[in-house]
Amino acid sequence: MKKVTTCFLAILFCIGMLAVAGCGADKPAASDAASASGSAAVPADIKAIKDRGVLKVGIKVDVPKFGFKDPNTGETSGMEIDLAKQLAQEILGDASKVEFESVTAKTRGPLLDNGEVDYVIATFTITDERKKSYNFTEPYFKDGVALMVKKASGIQGLADLNGKKIGVAQSATSKKALESAMKEKNMKADILEFGTYPEIKTALDSGRIDCFSVDGAILAGYLDDSTVILPERYDPQLYGIASKKGNDGLAKFANDTIAKLQSSGEMDKIIEKWGLK
Amino acid sequence: MSRVIRLENIHKSFGKLEVLHGIDLEVKEGEKVVIIGPSGSGKSTLIRCINLLEKPEQGAVYVDQVNLLSNTQQLSRVRQSMGMVFQQFNLYPHMTVLENLMLAPMKLKKESGEEAEKTALVYLERVGLQDKAHSYPAQLSGGQQQRVAIARALTMKPKIMLFDEPTSALDPEMIQEVLDVMVALADEGITMVVVTHEMGFARRVADRVVFMADGKIIEENAPEEFFTHPQHERARQFLSKIERAV
Amino acid sequence: MPGPFAAFKWEALLSDWNVFAEGFGMTIAVSVLALLLALVLGIAFGMMGTEKSRLFRLVNRCYVELIQNTPLVIQIFFLYNGLPYIGIQLPIFWVGMLGIGVYHGAYAAEVVRAGILSVPKGQFEAAMAQGFSYRDTMRHIILPQAKRLAYPPLTNLAVNLIKNTSVMAMIAGGDLMYHADSWASANLYYGPAYVVTGLLYIAICFPLATYAKHLESKLEVSV
């Protein structure tokens with residue numbers, strides 16, 4: 001019994017150390033960034049990328065038109081890929097100097113934290129809660145949560161989904177959006193979260209869920225003959241480019257780039273190119 | 001006296017090897033039959049055919065006038081009336097000696113625990129092991145285990161006892177204690193079929209000696225006759241080898 | 001810069017403790033029922049595997065090989081998304097319990113089969129000679145002996161079973177892993193979420209595993 005107790009204490013101790021390390025890292029990193037920007041030279045975080053010669057960006061590979069890897073060609077493309085290339089062009093002067101890492105809802109946070117990627121551009125919705133952990137740019141895209149149902153179901157809108165099952169993606173903010181919308185309508189549906197979009201589509205096809213609900217533009221990539229996307233939109237979702245807190249040079253740089261693209265009309269061109277308007 | 005065991009034309013094979021080539025054997029009530037013969041002669045297989053631990057491919061097995069091969073629903077009842085003692089004792093290792101003795105009477109005869117315990121203690125006393133009632137088999141010597149096995153068989157109050165080489169796995173100094181129990185049992189008049197290499201026991205106890213070789217019964221006779229005037233060459237060879245060994 | 005284990009993330013977890021408690025309850029409920037199912041299947045199919053009858057042994061082999069040689073994830077996915085196409089829509093709890101129970105039942109069957117085969121043939125013969133039926137022989141003489149040998153591996157199997165309930169997260173099963181994923185991916189406070197989730201799994205698995213080791217050492221002494 002004594003052994004067991006010791007073992008548990010050891011584990012608890014390790015966790016405690018991690019927690020302390022996490023908090024402790026706070027201050028020095030912040031002051032580094034401050035001194036870097038104060039001296040008006042190239043910020044340390046940007047300089048590190050220049051030295052490395054390549055920009056590392058986390059992207060989605062399963063969201064057509066945003067970040068999608070074509071299983072036939074192996075090519076990754078989408079508006080977020082274009083944005084990443086723009087950033088590489090701005091920092092390194094070469095749009096091809098970018099290394100993509102595919103992320104999921106579950107991995108994008110840890111990959112930023114451990115420095116595996118510099119930016120995450122992956123249909124990442126900006127929320128106040130998330131802003132506590134990461135820097136977000138101003139939004140580069142705005143979309144509402146939409147509903148996809150089977151044509152045969154005859155469902156016309158959220159109101160028809162009372163008592164039914166709605167599948168959403170983990171970490172997508174659609175759950176919150178739907179919950180508040182349903183509260184207004186005084187109705188209730190089961191909201192089930194899945195790890196990936198294809199899993200949700202499979203569950204819709206097999207009849208496990210009655211509705212597939214994520215951001216409208218994402219949903220469009222999964223539309224087929226048997227399904228329809230309803231016109232309703234809920235809670236506009238704002239996508240931003242995320243970077244690690246402390247890498248304030250990177251955050252400012254990305255924000256400036258977004259602003260530049262928007263004022264020059266370049267951003268609209270990209271959005272139009274991918275048929276997202 | 002009535003015949004309690006009758007085997008007719010028993011054939012038994014293991015795979016392609018036929019080990020019994022048409023055996024006929026009868027045992028009368030109260031008779032002691034000792035089966036001897038060289039190893040591999042089929043004597044163990046034969047005794048195991050009596051309670052159908054081995055199922056013959058051909059022939060008939062009658063016990064108490066019941067044809068066991070065609071009356072399988074009676075098999076359990078008939079087996080309950082025949083105790084069997086094995087070379088390897090086969091006590092149930094997860095039970096105490098007392099539990100070993102009580103299991104069958106309680107489960108098969110639906111005796112109460114009290115009743116079964118009383119019977120068990122009587123038979124344990126007869127084999128001289130009353131003080132081992134609460135031991136586990138692994139705590140006993142081989143000779144003691146075999147005496148418990150005999151007591152276990154007796155608690156079902158069988159009419160027939162089958163012994164399949166009961167002393168072959170024992171250290172020499174333990175053989176006698178088991179044989180003593182068997183001799184005492186024989187004196188009570190129970191029907192016994194014994195496969196053994198103990199010629200002294202055969203002489204002392206047997207009403208009839210059955211000599212087997214190569215899956216056949218070669219010779220059957222009263223022990224005095226058999227041991228002093230064996231009729232067949234195979235039997236003479238066998239006896240001469242045994243004498244030399246002794 | 002707030003790290004993955006920043007204090008405010010722990011606070012958020014504490015205030016949402018009921019999310020984890022709900023998942024933990026579900027995980028335990030599914031584990032217990034799936035374990036019972038696995039044991040029943042294990043004993044039934046394990047016994048078939050020791051039968052003389054070819055048909056029974058064939059049934060045993062088919063079950064064991066089919067289940068052991070396909071990933072649990074696929075079996076669960078089939079129950080969840082495959083069966084509805086033939087009109088069977090099992091509730092999610094049943095999918096978890098059946099899928100996980102049947103999967104580990106195949107492993108339990110092998111443990112039980114090995115346990116029965118380890119009992120010397122003489123034990124069957126002694127019981128048969130006494131007049132016990134096959135069923136009573138199994139019940140009173142063989143299975144109690146097989147159990148001693150099967151216990152430690154079965155306890156390890158229970159540990160694996162509990163951990164494997166986490167596949168339910170994939171089909172929105174409402175178990176501990178699902179709630180941890182859901183909570184962590186919404187606010188990205190994954191650090192505390194997965195540490196606490198891991199600890200909760202340890203809290204049930206570690207005592208069981210220790211118990212298994214204890215049983216194993218006891219077995220070594222008694223054999």
Side-chain angles (χ1 to χ4, degrees), chain A residues 3-4 7-8 11-12 14-30 33 104-110 112-114 127 129-130 132-134 165 167-173 175-176 190-195 199-200 202-203 205-209 244-248, chain C residues 1-13 73 77-92 95 167-174 177-196 198-199 202-203 206-207 209-211 213-214:
Chain A
K3 250 182 165 166
V4 181
C7 203
F8 266 113
I11 291 164
L12 282 177
C14 292
I15 293 159
M17 289 305 285
L18 286 172
V20 170
C23 300
D26 255 18
K27 278 164 198 165
T104 66
K106 217 189 272 186
T107 61
R108 58 194 178 187
L112 275 176
D113 284 331
N114 64 25
T127 69
E129 220 169 19
R130 289 175 180 175
K132 283 193 208 164
S133 304
Y134 305 102
K165 294 191 176 101
V168 302
Q170 273 170 11
S171 93
T173 39
K175 183 179 174 182
K176 261 187 194 154
D190 267 347
I191 295 184
L192 304 174
E193 292 174 78
F194 293 83
E199 279 175 332
I200 314 178
T202 311
D205 288 343
S206 72
R208 277 286 170 185
I209 54 174
K244 188 177 176 177
K245 278 242 191 269
N247 287 347
D248 295 344
Chain C
M1 181 204 72
F5 296 97
F8 72 89
K9 299 184 177 179
W10 288 95
E11 280 161 21
L13 186 142
V73 171
F77 204 73
F78 169 76
L79 289 178
Y80 186 74
N81 280 320
L83 286 186
Y85 286 100
I86 54 166
I88 303 171
Q89 187 145 344
L90 296 171
I92 191 79
V95 171
V167 297
M168 288 178 73
M170 186 187 72
I171 52 165
M177 197 66 210
Y178 170 75
H179 282 291
D181 278 347
S182 159
W183 189 82
S185 63
N187 53 25
L188 295 174
Y189 301 165
Y190 58 86
Y194 291 125
V195 165
V196 164
L199 279 178
I202 286 177
F206 185 68
T210 312
Y211 180 58
K213 284 207 191 71
H214 167 73

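Here is how names work: the chains are called A, B, and so on, in the same order as the sequence lines, proteins then strands, and each is numbered from 1. Values reported hereafter were calculated over all heavy atoms of this structure, with side chains retained and with hydrogens, waters and symmetry mates removed.
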Minimum heavy-atom distance between A/Arg208 and C/Asn81, given as atom pair plus value: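 Closest pair (atom of A/Arg208, atom of C/Asn81, distance): CG-OD1, 3.7 Å.
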field: Minimal non-hydrogen separation, C/Pro84 against A/Ser206, with atom names
entry: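 C/Pro84 and A/Ser206 have their closest heavy atoms at CB-O, 3.0 Å.
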Could you tell me if the side chain of [Y] sits less than 4.5 Å from the side chain of [X], heavy atoms only?
| X | Y | value |
| --- | --- | --- |
| C/Met170 | A/Phe194 | no |
| A/Thr202 | C/Tyr80 | no |
| C/Asp181 | A/Lys106 | yes |

task: Could you look at A/Asn114 and say if it's the side chain, the backbone, both or neither that has a heavy atom under 4.5 Å from chain C?
output: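 A/Asn114 has no heavy atom closer than 4.5 Å to chain C.
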field: Proximity breakdown for A/Ile191 and chain C, heavy-atom pairs closer than 4.5 Å
entry: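 When you check distances to chain C, only backbone atoms of A/Ile191 fall under 4.5 Å.
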With A/Glu129 via salt bridge (Lys or Arg N to Asp or Glu O under 4.0 Å) - residues at least two apart: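 If we apply the salt bridge (Lys or Arg N to Asp or Glu O under 4.0 Å) test to A/Glu129, skipping adjacent residues, the hits are A/Lys176.
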Is [X] reaching over with its side chain to a backbone N or O of [Y], donor-acceptor style, under 3.5 angstrom?
| X | Y | result |
| --- | --- | --- |
| C/Gln89 | A/Gly207 | yes |
| C/Tyr178 | A/Leu192 | no |
| A/Arg130 | C/Leu188 | no |

query: Looking at A/Pro110, A/Gly167, A/Gly109, which has the largest count of heavy-atom pairs under 4.5 Å with chain C?
result: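 Between A/Pro110, A/Gly167, A/Gly109, the count favours A/Pro110.
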message: I'd like to verify something: which residue of A/Thr104, A/Asp205, A/Ile200, A/Ile209 has the highest number of heavy-atom pairs under 4.5 Å with chain C?
response: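 Heavy-atom pair counts peak at A/Asp205.
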Is it the side chain or the backbone of [X] that comes within 4.5 Å of chain A heavy atoms, both, or neither?
| X | result |
| --- | --- |
| C/Val196 | neither |
| C/Ile86 | neither |
| C/Phe8 | side chain |

- prompt: Does the side chain of A/Gln170 come under 3.5 Å of the side chain of C/Ser182 through a donor N or O and an acceptor N or O?
  reply: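 Short answer, no.
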